[in-house]
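Report on the following structure.
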Amino acid sequence: MMCFQNFKVRKFFTSRNSGKVSPDTVSKSAENRLWKEFQEKDDVLKIHVRSWLPSPENIFRWEATVSGPVGCPYEKGVFTVSVHIPPKYPYEPPKITFKTKIFHPNISEIGESFVDILGSRWSSALTINLVLLSICSILSNPVEPLLVSNHAARLYQKDRKAYEKVAREWTLKYAKG
């Protein structure tokens, strides 16, 4: 029975001639999964995140807005993010980039997100929606490792009140809801 199951899985992910995983098959599998993920809308997700496809022909690129959680410096802010999904998704993580300027220890000055679930702690069990909720969560709770070259990270470690003041100011200035 085990050999038969392995054969079915192998047949699905390999091309007939090479015995290797076909990039087209992986990409098509990723596309199918992404369509399912895009159509799933959780109640918690709807409160904090709104996502859409800039081009319905390209499921590998999403746009989203993330609302700043209550009780943090980003409260009442609405941040636009761009989600670039690799063809080998879910085996490779998406790239999340903030289009709205933000002062945060896990986000570079050019908007790149640096959180462990988008790198070393990536799991194929994660979905784009869970990643977007995690991004929302890090707004109220920055995670290690912080970007040491980032002014926000240095201020966060050195003077939390000053960091929160600047983050609040930037939210009011750049992320009006």
Side-chain angles (χ1 to χ4, degrees), residues 13 21 23 26-54 58-75 77-157 160 163-164 166-167 170-171 174-175:
F13 285 107
V21 175
V26 172
S27 184
K28 188 65 177 166
S29 175
E31 187 176 329
N32 291 338
R33 176 175 164 162
L34 284 167
W35 277 113
K36 287 178 186 171
E37 286 184 27
F38 184 74
Q39 292 166 353
E40 289 176 5
K41 296 298 176 198
D42 177 273
D43 289 339
V44 174
L45 182 71
K46 285 192 267 187
I47 294 169
H48 302 287
V49 176
R50 187 174 85 71
S51 61
W52 64 93
L53 300 176
N58 185 2
I59 192 69
F60 292 93
R61 187 169 178 298
W62 295 21
E63 296 282 320
T65 55
V66 176
S67 299
V70 175
C72 77
Y74 308 99
E75 183 175 4
V78 178
F79 302 88
T80 303
V81 297
S82 182
V83 183
H84 293 274
I85 304 158
K88 292 184 180 178
Y89 176 81
Y91 305 106
E92 292 179 0
K95 181 179 178 185
I96 309 290
T97 306
F98 275 74
K99 294 173 79 175
T100 304
K101 195 168 179 169
I102 185 169
F103 188 78
H104 192 278
N106 295 115
I107 302 163
S108 75
E109 285 81 5
I110 59 171
E112 295 174 312
S113 312
F114 291 93
V115 291
D116 56 358
I117 65 163
L118 295 175
S120 63
R121 304 249 348 230
W122 173 252
S123 166
S124 61
L126 293 170
T127 65
I128 301 301
N129 291 328
L130 284 173
V131 168
L132 290 170
L133 274 176
S134 296
I135 294 296
C136 185
S137 174
I138 69 155
L139 294 180
S140 57
N141 296 309
V143 295
E144 295 290 335
L146 303 177
L147 289 171
V148 292
S149 62
N150 183 335
H151 177 63
R154 290 191 305 271
L155 195 55
Y156 179 82
Q157 291 174 320
R160 190 73 51 97
Y163 153 77
E164 288 178 359
V166 174
W170 281 37
T171 299
Y174 301 110

**OP:** Considering non-hydrogen atoms only, spot the tightest contact between Ile107 and Asn150 and give its length.
**Re:** O-ND2, 2.7 Å
**OP:** Check step by step if side-chain contact (heavy atoms from CB on, under 4.5 Å) holds for Lys95 and Leu118.
**Re:** CA-CA 7 Å; Lys95 181 179 178 185; Leu118 295 175; over 6 Å; no
Subject >> Within residues 106-157 or reaching into it, pairs that qualify as ring pair (Phe, Tyr, Trp, His ring centres under 6.0 Å) - sequence neighbours excluded >> reply: Phe103-His151, Tyr156-Tyr163
Original post:
To the nearest 0.5 Å, what is the distance between CZ (Arg50) and OG1 (Thr80)?
Top reply: 9.0 Å
Original post:
Would Val49 and Thr65 satisfy side-chain contact (heavy atoms from CB on, under 4.5 Å), going step by step from the backbone distance to the final call?
Top reply: CA-CA 6 Å; Val49 176; Thr65 55; over 6 Å; no
Subject >> Spatial distance of atom CZ (Phe38) from atom CD1 (Ile59) [nearest 0.5 Å] >> reply: 6.0 Å
Subject >> Minimum-distance pair of heavy atoms, taken over all atoms of Thr171 and Pro73 >> reply: OG1-O, 3.4 Å
Original post:
How far does CG of Asn141 sit from OG of Ser134, to the nearest 0.5 angstrom?
Top reply: 11.5 Å
**OP:** Measure the shortest side-chain to side-chain distance between Leu155 and Val166 over non-hydrogen atoms and say whether it is less than 4.5 angstrom.
**Re:** yes
Original post:
Which heavy atom in Ala30 sits nearest to a heavy atom in Pro87, and how many Å separate them?
Top reply: CB-O, 3.6 Å
**OP:** Would you sort out whether Ile102 and Tyr174 count as a side-chain contact (heavy atoms from CB on, under 4.5 Å), showing the intermediate values?
**Re:** CA-CA 8 Å; Ile102 185 169; Tyr174 301 110; over 6 Å; no
Original post:
Does Leu34 reach the side chain of Trp62, with side-chain heavy atoms less than 4.5 Å apart?
Top reply: yes
Original post:
With side chains defined as the heavy atoms from C-beta onward, is the minimum distance between Ser67 and Cys136 less than 4.5 Å?
Top reply: no
Original post:
Is there side-chain contact between Ser82 and His84, with at least one heavy-atom pair below 4.5 Å?
Top reply: yes
**OP:** Could you tell me whether the side chain of Pro94 reaches within less than 4.5 Å of the side chain of Ile128, counting heavy atoms only?
**Re:** yes
Original post:
Which residue pairs pass the side-chain hydrogen bond (donor to acceptor under 3.5 Å, both in side chains) test with at least one member in residues 100-111, sequence neighbours excluded?
Top reply: none
Subject >> Modelled atom types, side-chain donor and acceptor of Glu37 and Tyr89, under 3.5 Å >> reply: yes
Original post:
Got a second to check how far Lys36's NZ is from Thr127's OG1, nearest 0.5 Å?
Top reply: 13.5 Å
Subject >> From Tyr74 atom OH to Ser140 atom OG, the distance as rounded to the nearest 0.5 Å >> reply: 10.0 Å
Subject >> Minimum heavy-atom distance Leu126-Arg33, with the two atoms named >> reply: O-NH2, 2.6 Å
**OP:** Give the minimum heavy-atom separation between Arg154 and Ser149, together with the two atoms involved.
**Re:** NH1-O, 3.2 Å
Subject >> Step-by-step side-chain contact (heavy atoms from CB on, under 4.5 Å) determination, Ser113 to Ile135 >> reply: CA-CA 8 Å; Ser113 312; Ile135 294 296; 4.2 Å; yes
Original post:
Is a donor on one side and an acceptor on the other found under 3.5 Å between the side chain of Ser137 and the backbone of Leu133?
Top reply: no
**OP:** Working to the nearest 0.5 Å, report the span between CD of Glu144 and CG of Asp116.
**Re:** 10.0 Å
**OP:** Step through the shown structure and confirm whether more than 12 heavy atoms of other residues, nucleotides or ligands are within 6.0 Å of CZ on Arg61.
**Re:** yes
Subject >> Exercise: identify the closest heavy-atom pair between Glu112 and Thr97 >> reply: N-CG2, 4.3 Å
Subject >> Close side-chain approach of Phe60 to Val83, heavy-atom, < 4.5 Å >> reply: no
